[in-house]
Trainee: 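So that we are looking at the same thing, I have put the structure below in structure tokens.
Please read all numbers here as calculations on a predicted model, not as lab measurements.
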Amino acid sequence: MDFKRYLITAALPYANGPVHIGHLAGCYLPADIYVRFLRSQKKDVQFICGSDEHGVPITIRAMKEGITPQDVVDKYNTIIKNSFEEMGISFNIYSRTSSKIHTETAQAFFLNLYNKGIFEERESEQYYDESKEMFLADRYILGTCPVCGNNNAYGDQCEKCGSSLSPEQLIDPRSALSSASLVKKKTKHWYFPLDKYENWLKEWIVEGKKDHWKSNVYGQCKSWLDNGLYPRAMTRDSTWGVPVPLPDAVGKVLYVWFDAPIGYISATKELTNLWSDYWCNEDTKLVHFIGKDNIVFHCIIFPAMLKAHGGFVLPESVPANEFLNLEGEKISTSRNWAVWVNDFLKDFPDQQDTLRYVLCANAPETKDNDFTWKDFQDRVNSELVAIFGNFVNRTFVLMHKLCKGRVPKMHNDIVDVSDNGLADDIVATKLKVEQNIENYKFRDALYEIIDLARKGNKYLQDKAPWLLAKTPELQLENQQKIDNCLHVCLQLTANLAILINPFLPFTAKKMCFMMKVVERMLEWENAGRLDLLKVSYPLRAPELLFKKIEDIEIEQQINKLKETQKTIKMSETTDKMDNTETVRQEIKLEVHAPKQEITYEDFAKLDLRVATIIGAEKVKNADKLLKIELDLKTEIRTVVSGIALHFKPEDIIGKQVTIVANLAPRKLKGIESKGMILMAENEDGRLIFVSPLEKADAGSEVK
RNA sequence: GGCGAGGUAGCUCAGUUGGUUAGAGCACAGGAUUCAUAACCCUGAGGUCGGGAGUUCAAAUCUCCUCCUCGCUACCA
């Protein structure tokens, strides 16, 4: 299909922290390369992005820092926007979801679906903080983790042991906003019936995109579709977000995942009155650049929303990248294990293109990749400096030395095979780069360009004009050879500028300056031409395109990381979903609120007993569960405990433990669990049984 | 446990519908050279293609089993 317009979106970064190299490599850089490539072909393209500024983690961060959520998003929106701008990520607009136009657009979208009767209204019971008069999202609820005993676990996850939780599972749930205990109250929400779009999605993706989408994206979607889809709540009880535009919805906002993708639409509206040309025409090619953590939202939920609404184009492709690791470990915002873009810009001024280069050459296109500073240095020094930069530099130096600083004439009567060969290489490279970019293979495309520069070096080496200049007796004849050689090298340099432009725009610009040509020369259709630089045109003195990275520089960066590593606690609660945008970051809440005082009667309700483990085995089809047989003297009972990640069954047999003996029984994976084993947890996340110091009789009461 | 994506030279990755001695770049070693940011150019060493079994005249490539990494998902009193 021939597309008339291109609408390119990059995932909306969550305005809860700066952007790091993982974000760049996963999403923004490939998107920018793609867009710059399209623009150089004079395509009609809009590149849309903006901050995602709603959601619970932002409100929690605000609370923690004692400022308003608006302050938080204002701060990070500025930092993020500046980082992108300085890195040359060329959005047509970088908007934000806290804008008025977004609120209106998202509400109108919601109402459209509402009026069509698409939503299902459902009531459920949720925790409510009476002192603050509000319902609490899972993240606002703190309590004791039933798995590891951490008393600051969140309602959706315990950060100490990594267990994912629901608020109902927390022991002694309390509000993170006040010290009040919680009551349960009914609340109503609007659910989007994803299940009703299952068949349509299957047809659209499973059949329609099979050979077309990247295998990781297609596979992930198919997995979701095969597992079956379910209605999803599209509203939340909160005051931070887009208010639900219904009279009976006070204190309710749109779920961030409902409003965030609509942000692409509202940002386009903000950008241009012609927004509907891009969003509502079949001949627009819509491409979402995202990280792999967003696949389900961009491939399943958002398309279903667009379909339900009607009148919108659907994404033609969603080229999601995998994750970028840093020095062998997952990038983590909360643990500060990251290279922040704003830090990089400070430490490596005017070297945006070196970072762009390395992140593209090593982009996680097909699998998770590792960024190391050593690799950064190697790639910059041996590919950018030694191959590309060096070719351009030696061409310019030789031209100044041997051709009086002007583009030499091409003597057509002595053109040879290697001249023609290089000309063919330029055209071939152009085609390969085009094909690779169109297939979202940016790594390969970039390699082809470096390889062309490599061919240039070889050509120069074979011709050795510096030797020709050393034989005065053949001066006239040799000068013609020199002219041809440098003419070709200069035309190649101009072509390299065009080809590298989408990837390294700062460098292309510098090259234009040196060649004294206007930037219009960089238009893609000019690639392949051998008359880009006019004969006898005087060129500027060479200027080094790239700076070598010295050992000391990367040592400093590595030391910096080592420092953070020291401060990282052993506890390996890595936050997943952290490499790209809408990452709801983990935040450590420094809340050590003591629990509410209880009476002796409260305590006396507990029946704590010493028991001896006499048997233990892994529960089938469960990673975290151990089925444990306990000797209580008067009886043998079975307890299922979520500690399988911490202990091997054979290692715990014979140990004495303390259990809550009168906890209501509960079936887990079909096994009735009667009681709960008490565990202490170390700072490093290790679990330790709470046992009597000396051997006690099995069944002894603990009081 | 289920599902998805990967596991190919020290490192980063190619390997199309199974077909001769498995490729490239970097790093490493040797040589040549000096126009160039000690860069470039040439040559070389290197891998039982995660492991095992099978189909085949022929398997990195197809089938089955198994191990490891990453992600999604279930279990967490």
Trainee: Can you tell me if A:Lys470 touches the phosphate of B:C35, counting only side-chain N or O atoms and a distance under 4.0 Å to OP1 or OP2?
Mentor: yes
Trainee: For the side chain of A:Glu383, counting heavy atoms from C-beta on, which of B:C70, B:U37, B:C26 is nearest?
Mentor: B:C26
Trainee: Are more than 12 heavy atoms from other residues, nucleotides or ligands located less than 6.0 Å from atom NZ of A:Lys655?
Mentor: no
Trainee: Using atom C1' of each nucleotide, how far apart are B:U16 and B:G52 to the nearest Å?
Mentor: 28 Å
Trainee: Given the P atoms of B:A45 and B:G23, what is the spacing between them in whole Å?
Mentor: 12 Å
Trainee: Does A:Arg379 make a side-chain N or O approach to OP1 or OP2 of B:A27 shorter than 4.0 Å?
Mentor: no
Trainee: Can you tell me the pairing partner of B:G25 across any strand shown, Watson-Crick or G-U wobble, with both distances under 3.5 angstrom?
Mentor: B:C11
Trainee: Pick the P atom in B:A53 and in B:C70, then give their distance to the nearest Å.
Mentor: 28 Å
Trainee: Which part of the nucleic acid, if any, lies within reach of A:Phe391 when heavy atoms closer than 4.0 Å are counted: base, sugar-phosphate only, or nothing?
Mentor: nothing
Trainee: What is the distance, to the nearest angstrom, from the CD1 atom on A:Ile290 to the P atom on B:C72?
Mentor: 13 Å
Trainee: Choosing from B:C40, B:C70, B:C26, which nucleotide comes nearest the side chain of A:Lys292?
Mentor: B:C70
Trainee: Would you classify A:Leu545 as touching base, sugar-phosphate or nothing, given that sugar-phosphate means primed atoms plus P, OP1 and OP2, and contacts are heavy atoms under 4.0 Å?
Mentor: base
Trainee: Counting heavy atoms from C-beta on, name the nucleotide in B:A14, B:A5, B:C26 closest to the side chain of A:Ser215.
Mentor: B:A5
Trainee: Specify the residue among A:Ser382 and A:Asp368 whose closest nucleotide of RNA chain B lies further upstream toward the 5′ end.
Mentor: A:Ser382
Trainee: Rounded to whole angstrom, note down the C1' distance from B:C3 over to B:A74.
Mentor: 11 Å
Trainee: Can you tell me, in whole Å, how much space there is between the P of B:A22 and that of B:A9?
Mentor: 14 Å
Trainee: Only counting residues at least two apart or in another chain, list the ones meeting side chain to side chain donor-acceptor pair (under 3.5 Å) with A:Gln479.
Mentor: A:Asp483
Trainee: Under 4.0 Å between any heavy atoms, over every strand shown, what does A:Val397 touch: base, sugar-phosphate, or nothing? Just pick one.
Mentor: sugar-phosphate
Trainee: Which base, if any, makes a Watson-Crick or G-U wobble pair with B:G6, both distances under 3.5 Å?
Mentor: B:C68
Trainee: Output the rounded distance in Å from CD1 (A:Ile295) to P (B:G71).
Mentor: 13 Å
Trainee: Taking pairing as Watson-Crick or G-U wobble with both contacts under 3.5 Å, can you name the mate of B:C62, or confirm there isn't one?
Mentor: B:G54
Trainee: Using atom C1' in both nucleotides, what's the gap between B:A5 and B:G50 to the nearest angstrom?
Mentor: 16 Å
Trainee: Would you indicate what A:Leu668 reaches in the nucleic acid, counting non-hydrogen atoms under 4.0 angstrom: base, sugar-phosphate, or nothing?
Mentor: sugar-phosphate
Trainee: Between A:Ser673 and B:C75, is there a side-chain N or O to OP1/OP2 distance below 4.0 Å?
Mentor: no
Trainee: Using a 4.0 Å heavy-atom cut-off across all strands, classify A:Thr372 as base, sugar-phosphate, or nothing.
Mentor: nothing
Trainee: May I have the distance from A:Met676 (atom CE) to B:C75 (atom C1'), rounded to whole angstrom?
Mentor: 16 Å
Trainee: For A:Glu322 and B:C72, what is the distance between atoms CD and C1' respectively, to the nearest whole Å?
Mentor: 12 Å
Trainee: Separation of A:Glu672 atom CD from B:C76 atom P, in whole Å?
Mentor: 14 Å
Trainee: Has A:Lys401 got a side-chain N or O lying under 4.0 Å from the OP1 or OP2 atom of B:A36?
Mentor: yes
Trainee: Does the cation-pi check pass for A:Lys209 over A:Tyr218, that is, NZ or CZ under 6.0 Å from the six-membered ring centre and within 45° of its axis?
Mentor: no
Trainee: Below 6.0 angstrom between ring centroids: does that apply to A:Tyr230 and A:Trp224?
Mentor: no
Trainee: State which of B:A14, B:G25, B:C40 makes the closest approach to the side chain of A:Arg443.
Mentor: B:A14
Trainee: If pairing requires Watson-Crick or G-U wobble contacts with both distances under 3.5 Å, which nucleotide is the partner of B:U17?
Mentor: none
Trainee: Give the rounded distance in Å between these two atoms: CG of A:Leu324 and C1' of B:C70.
Mentor: 13 Å
Trainee: According to the Watson-Crick and G-U wobble definitions, with both distances under 3.5 Å, which nucleotide is paired to B:C40?
Mentor: none
Trainee: Using Watson-Crick or G-U wobble geometry with both distances below 3.5 Å, tell me the partner of B:G1, or none.
Mentor: B:U73
Trainee: To the side chain of A:Gln461, which of B:C35, B:G25, B:U37 is closest?
Mentor: B:C35
Trainee: Look at all strands and tell whether A:Asn362 reaches a base, only sugar-phosphate, or nothing, counting heavy atoms closer than 4.0 Å.
Mentor: sugar-phosphate
Trainee: May I ask you to say whether A:Lys463 pairs ionically with A:Asp416, meaning some side-chain N is under 4.0 Å from a carboxylate O?
Mentor: yes
Trainee: Of all the nucleotides listed (B:C76, B:C70, B:U34), which has the minimum atom distance to the side chain of A:Leu625?
Mentor: B:C76
Trainee: Would you say a side-chain N or O of A:Lys222 is under 4.0 Å from OP1 or OP2 of B:A5?
Mentor: no
Trainee: P atom, B:A38 versus B:G19: distance in rounded Å?
Mentor: 45 Å
Trainee: Looking across every strand, which nucleic acid part, if any, lies under 4.0 Å from A:Gly389 by heavy atom: base, sugar-phosphate, or nothing?
Mentor: nothing
Trainee: Cation-pi between A:Arg232 and A:Tyr255: NZ/CZ under 6.0 Å from ring centre and within 45° of the ring axis?
Mentor: no
Trainee: From CG of A:Asn325 over to P of B:U12, roughly how many Å is that when rounded to an integer?
Mentor: 11 Å
Trainee: Verify the contact: side-chain N or O of A:Lys458 to OP1 or OP2 of B:C42, cut-off strictly under 4.0 Å; return yes or no.
Mentor: yes
Trainee: Decide, yes or no, whether a salt bridge links A:Lys292 with A:Glu322 under the criterion of side-chain N to carboxylate O below 4.0 Å.
Mentor: yes
Trainee: From B:C40, B:C3, B:U8, pick the nucleotide closest to the side chain of A:Asn457?
Mentor: B:C40
Trainee: Taking the six-membered ring where the residue is Trp, are the ring centres of A:Phe348 and A:Phe376 under 6.0 Å apart?
Mentor: yes
Trainee: What distance, rounded to whole Å, do you find between the two C1' atoms, one in B:U8 and one in B:G46?
Mentor: 13 Å
Trainee: Answer with base, sugar-phosphate or nothing: what part of the nucleic acid does A:Val640 contact at a heavy-atom distance below 4.0 Å?
Mentor: sugar-phosphate
Trainee: Closest to the A:Trp466 side chain: B:G25, B:U37, B:C35?
Mentor: B:C35
Trainee: Measure CG/A:Leu468 against P/B:U33 and give the value in whole Å, please.
Mentor: 16 Å
Trainee: Are any of the side-chain nitrogens in A:Glu553 or A:Lys547 under 4.0 Å away from the carboxylate oxygens of its partner?
Mentor: yes
